[in-house]
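The structure appears right after this line, and notes come after that.
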Amino acid sequence: QVQVVESGGGLVEPGGSLRLSCAASGGFFSFFAMGWFRQGPGKQRELVAAISTGGYTNYAESVKGRFTISRDNVKNTVYLQMNSLKPEDTAVYYCNRVDLSLSYATDASWGQGTQVTVSS
């Protein structure tokens, strides 16, 4: 139901930072828990971080302490601040609605995502 557009990806060196944005359509954004997912080369798509309507968060163990998810319900936007980036963070990053446990995507439709490449 929710249409999203991801942006902010790019090429950075290890240890660098990026800030991803997920702009969502519709007036019901504030009712939806949202999450960031990623899919690296030859890998399955996985949850990176999720945030509830009230700001409760859930992170993959591999990004705890390095990534921060946030949301602005007025702007209908979810952000992912990515610090201390590692080569294994290289992937296409996607945004999607998530379930109440902040663990699984609920929208079967995926956008084009935004490419993040971490390389020296």
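No hydrogens, no waters, no symmetry mates; every other heavy atom, side chains included, goes into these values. For the single chain, residues carry numbers from 1 onward in sequence order.
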>> Under a 3.5 Å distance rule, please check whether T117 uses its side chain to pair with a backbone N or O of L11 as donor and acceptor.
In response: no

> Under 3.5 Å, side chain of N96 to main-chain N/O of A105, donor-acceptor pair present?
Replying inline: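 No.
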
>> Between R45 and V92, is there a side-chain heavy-atom distance shorter than 4.5 Å?
In response: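 No, their side chains stay 4.5 Å or more apart.
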
> Less than 4.5 Å apart, any side-chain heavy atom of Q112 and any of E6?
Replying inline: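 No, too far: nothing below the 4.5 Å cut-off.
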
>> What's the separation between atom CG in N76 and atom CE in M34, rounded to the nearest 0.5 Å?
In response: 9.5 Å

>> Rounded to the nearest 0.5 Å, what separates atom NZ in K75 from atom CZ in F29?
In response: 12.0 Å

Heavy-atom closest pair, residues [X] and [Y]:
X: A60; Y: L47; value: CB-O, 3.4 Å
X: S21; Y: T77; value: CB-CG2, 4.4 Å
X: V98; Y: A50; value: CG2-CB, 4.1 Å

Just grab all the disulfide bond (SG atoms under 2.5 Å apart) pairs involving [range], residues at least two apart or on different chains.
range: residues 63-93; answer: none
range: residues 88-120; answer: C22-C95
range: residues 52-88; answer: none

>> If hydrophobic residues (ILVMFWY) are linked whenever their side-chain heavy atoms come closer than 4.5 Å, directly or via other members, who joins V74 in its cluster?
In response: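 Under the 4.5 Å side-chain rule, V74 groups with nothing.
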
> Mind checking who shares a hydrophobic cluster with V5, ILVMFWY linked at side-chain heavy-atom distances under 4.5 Å?
Replying inline: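 Members besides V5: none; it forms no cluster.
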
Can you list the residues that meet the side-chain hydrogen bond (donor to acceptor under 3.5 Å, both in side chains) rule with [X], with sequence neighbours excluded?
X: S7; answer: none
X: S103; answer: S101
X: E88; answer: none

> Could you give all pairs that pass the ring-ring contact (aromatic ring centres under 6.0 Å, His included) test and reach residues 60-111, with sequence neighbours left out?
Replying inline: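 The answer is F37-W110, Y94-W110.
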
>> Considering only residues two or more places apart or on different chains, which pairs with a residue in residues 46-60 satisfy side chain to side chain donor-acceptor pair (under 3.5 Å)?
In response: R38-E46

> Tell me, which pairs form a side chain to side chain donor-acceptor pair (under 3.5 Å) where one or both residues lie in residues 63-73, sequence neighbours left out?
Replying inline: E61-K64, R66-D89, R71-N73

> Given V78 and I69, is the side chain to side chain contact (heavy atoms under 4.5 Å, CB included) satisfied, shown in steps?
Replying inline: CA-CA 7 Å; V78 183; I69 188 172; 3.9 Å; yes

> Is L85 reachable from W36 through a run of hydrophobic residues whose side-chain heavy atoms are each under 4.5 Å from the next?
Replying inline: yes

Could you pull out all donor-acceptor pairs under 3.5 Å where a side-chain atom in residues 12-20 meets a protein atom, sequence neighbours excluded?
from, atom 1, to, atom 2, distance (Å)
S17, OG, N83, OD1, 2.9

